[in-house]
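First comes the structure, then the notes that go with it.
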Amino acid sequence: MSCPDCFNGHVHEGTPRGEVTTLHGLNAYTASPSDAPHRGIIIIVPDAFGWEFVNNRILADSYAEKGKYLVYLPDFMDGHAAPVSMLANTKELLRTDGLTTWLTKPYYLASVMTQIIPFKMYNSFEASWPIVSDFFKSVRENEGSELPIYGAGFCWGGKHIVNLGFEDIESNGKPLINAGFTGHPSFLEIPSEIEKIKIPISFALGDKDMVIKPPQIKQIQQVFEMENKSEKGEVRVYEGAGHGFCVRADFVLGDATKQADEAENQALDWFERHPSL
């Protein structure tokens with residue numbers, strides 16, 4: 001079940017510079033490096049706010065420019081992403097200051113529920129997994145047949161990246177990804193899904209995350225420490241960071257900007273370390 005932080009956070013300022021197109025049957029935002037040919041493909045499986053959310057598009061641009069990758073941000077939710085207005089509604093719902101705040105809680109609760117129920121109905125893992133995995137297969141069989149392919153998933157998208165790391169999922173005789181990165185994933189079955197990881201996955205987790213709490217972070221770390229699995233995964237814990245810090249952090253807070261940048265670099269460094277299968 002989702003926690004409120006899955007739908008809480010801040011909209012970032014900026015103008016995405018990529019393009020909107022159709023890829024393998026899905027609408028997609030694409031970004032590419034401005035001054036060099038790309039050396040691989042990153043596919044983003046986004047948080048609940050989907051492929052049109054400006055924060056996710058700015059992140060795609062940053063991956064492309066910093067890492068020199070072709071970046072795809074597809075509409076894996078088939079038009080049923082959580083509306084951006086839910087960020088403001090959730091923020092108001094979680095406020096506790098003043099009498100007016102308490103008097104308006106029923107309104108904001110109703111608003112959030114009318115937005116979260118459709119999202120959860122259309123975007124269960126059972127419904128979205130075939131869409132996500134089929135897209136990765138199409139990329140592996142076509143433009144990614146001779147290139148490294150990486151997956152980056154956030155919140156809702158994190159579970160998909162972990163499942164793409166299971167070795168029995170492949171196409172053209174190759175795993176669908178060379179390596180994966182996930183920031184503050186949701187809905188994971190811990191430790192069972194972590195134990196199935198065979199393709200290298202890097203985790204960026206906040207110690208104040210209400211979805212994956214410190215005891216669960218420890219479980220993930222223990223799996224990678226056991227059975228010589230350290231080459232298959234890493235965990236970096238960001239002190240003071242909560243859920244959504246990779247894509248929806250409040251940049252008014254100094255540490256939030258630093259942590260978001262560090263998480264970007266963590267993903268790109270991990271991909272750099274895994275250029276081949």
Side-chain angles (χ1 to χ4, degrees), residues 2-14 42 44-49 53-63 65-67 71 87 90-91 94 150-162 165 179-188 190-191 193-194 197 200-225 229-274:
S2 304
C3 80
D5 282 344
C6 291
F7 302 95
N8 194 18
H10 301 266
V11 179
H12 297 165
E13 294 182 359
I42 297 175
I44 296 177
V45 190
D47 65 0
F49 298 96
F53 187 34
V54 64
N55 296 23
N56 292 328
R57 293 188 174 190
I58 291 172
L59 179 63
D61 291 348
S62 187
Y63 280 164
E65 202 61 38
K66 282 185 180 179
V71 183
L87 289 170
T90 302
K91 183 177 181 179
L94 295 176
Y150 305 105
F154 303 90
C155 190
W156 176 86
K159 184 178 178 75
H160 300 81
I161 297 301
V162 169
F181 167 83
T182 179
H184 42 81
S186 298
F187 311 115
L188 286 180
I190 301 172
E193 286 186 314
I194 310 303
I197 290 174
I201 306 290
S202 177
F203 287 75
L205 305 171
D207 65 352
K208 305 301 182 186
D209 194 328
M210 295 304 292
V211 178
I212 296 182
K213 299 179 181 180
Q216 293 172 301
I217 293 176
K218 185 63 176 177
Q219 284 183 293
I220 297 173
Q221 292 171 324
Q222 287 173 340
V223 171
F224 291 144
E225 290 167 1
K229 280 181 173 284
S230 59
E231 77 280 3
K232 296 302 182 187
E234 69 169 8
V235 178
R236 179 168 177 183
V237 181
Y238 291 78
E239 291 186 9
H243 196 72
F245 76 94
C246 293
V247 290
R248 301 194 304 277
D250 184 354
F251 284 178
V252 173
L253 304 174
D255 286 347
T257 304
K258 181 174 182 288
Q259 290 169 332
D261 286 343
E262 288 177 355
E264 278 187 30
N265 293 332
Q266 177 185 339
L268 294 173
D269 289 346
W270 186 251
F271 298 156
E272 179 78 23
R273 288 159 55 187
H274 298 90

So, for [X] and [Y], which heavy atoms are closest and what is the spacing to 0.1 Å?
{"X": "A152", "Y": "I161", "result": "N-CD1, 3.7 Å"}
{"X": "G151", "Y": "F271", "result": "O-CZ, 3.8 Å"}
{"X": "Y238", "Y": "A204", "result": "CE1-CB, 3.8 Å"}
{"X": "H243", "Y": "P185", "result": "CE1-O, 4.2 Å"}

Main-chain N/O of [Y] paired to [X] side chain as donor or acceptor, under 3.5 Å:
{"X": "Q259", "Y": "E239", "value": "yes"}
{"X": "Y150", "Y": "H274", "value": "yes"}
{"X": "D207", "Y": "G240", "value": "yes"}
{"X": "N55", "Y": "V247", "value": "yes"}
{"X": "H184", "Y": "C246", "value": "yes"}

Indicate yes or no: at least one non-hydrogen side-chain atom of [X] is less than 4.5 angstrom from one of [Y].
{"X": "R236", "Y": "W270", "result": "no"}
{"X": "V162", "Y": "F203", "result": "yes"}
{"X": "V45", "Y": "W156", "result": "yes"}

*Mind checking what makes salt bridge (charged side-chain N to carboxylate O under 4.0 Å, His left out) contact with E193, not counting sequence neighbours?*
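Per chain and number, E193 pairs via salt bridge (charged side-chain N to carboxylate O under 4.0 Å, His left out) with K159.
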*List for me each residue that meets side-chain hydrogen bond (donor to acceptor under 3.5 Å, both in side chains) alongside Q221, sequence neighbours excluded, and say none if there are none.*
none
*Qualifying residues under side-chain hydrogen bond (donor to acceptor under 3.5 Å, both in side chains), relative to T182, sequence neighbours excluded*: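 For T182 there are no side-chain hydrogen bond (donor to acceptor under 3.5 Å, both in side chains) partners, ignoring immediate neighbours.
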*Check against side chain to side chain contact (heavy atoms under 4.5 Å, CB included), I217 and V237*: CA-CA 8 Å; I217 293 176; V237 181; 3.7 Å; yes
Between [atom1] of [X] and [atom2] of [Y], what distance do you get to the nearest 0.5 Å?
{"X": "F181", "Y": "E234", "atom1": "CZ", "atom2": "CD", "value": "9.0 Å"}
{"X": "I197", "Y": "F224", "atom1": "CD1", "atom2": "CZ", "value": "4.0 Å"}
{"X": "Q266", "Y": "D269", "atom1": "CD", "atom2": "CG", "value": "8.5 Å"}
{"X": "I201", "Y": "I194", "atom1": "CD1", "atom2": "CD1", "value": "9.0 Å"}
{"X": "S186", "Y": "D209", "atom1": "OG", "atom2": "CG", "value": "7.0 Å"}

*asked:* For E264, give me all partners under side chain to side chain contact (heavy atoms under 4.5 Å, CB included), at least two apart in sequence or on another chain.
replied: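 L59, S62, Y63, K66, D261.
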*Quick one: side chain to side chain contact (heavy atoms under 4.5 Å, CB included) partners of Q216, sequence neighbours excluded?*
I190, I212, K213, Q219
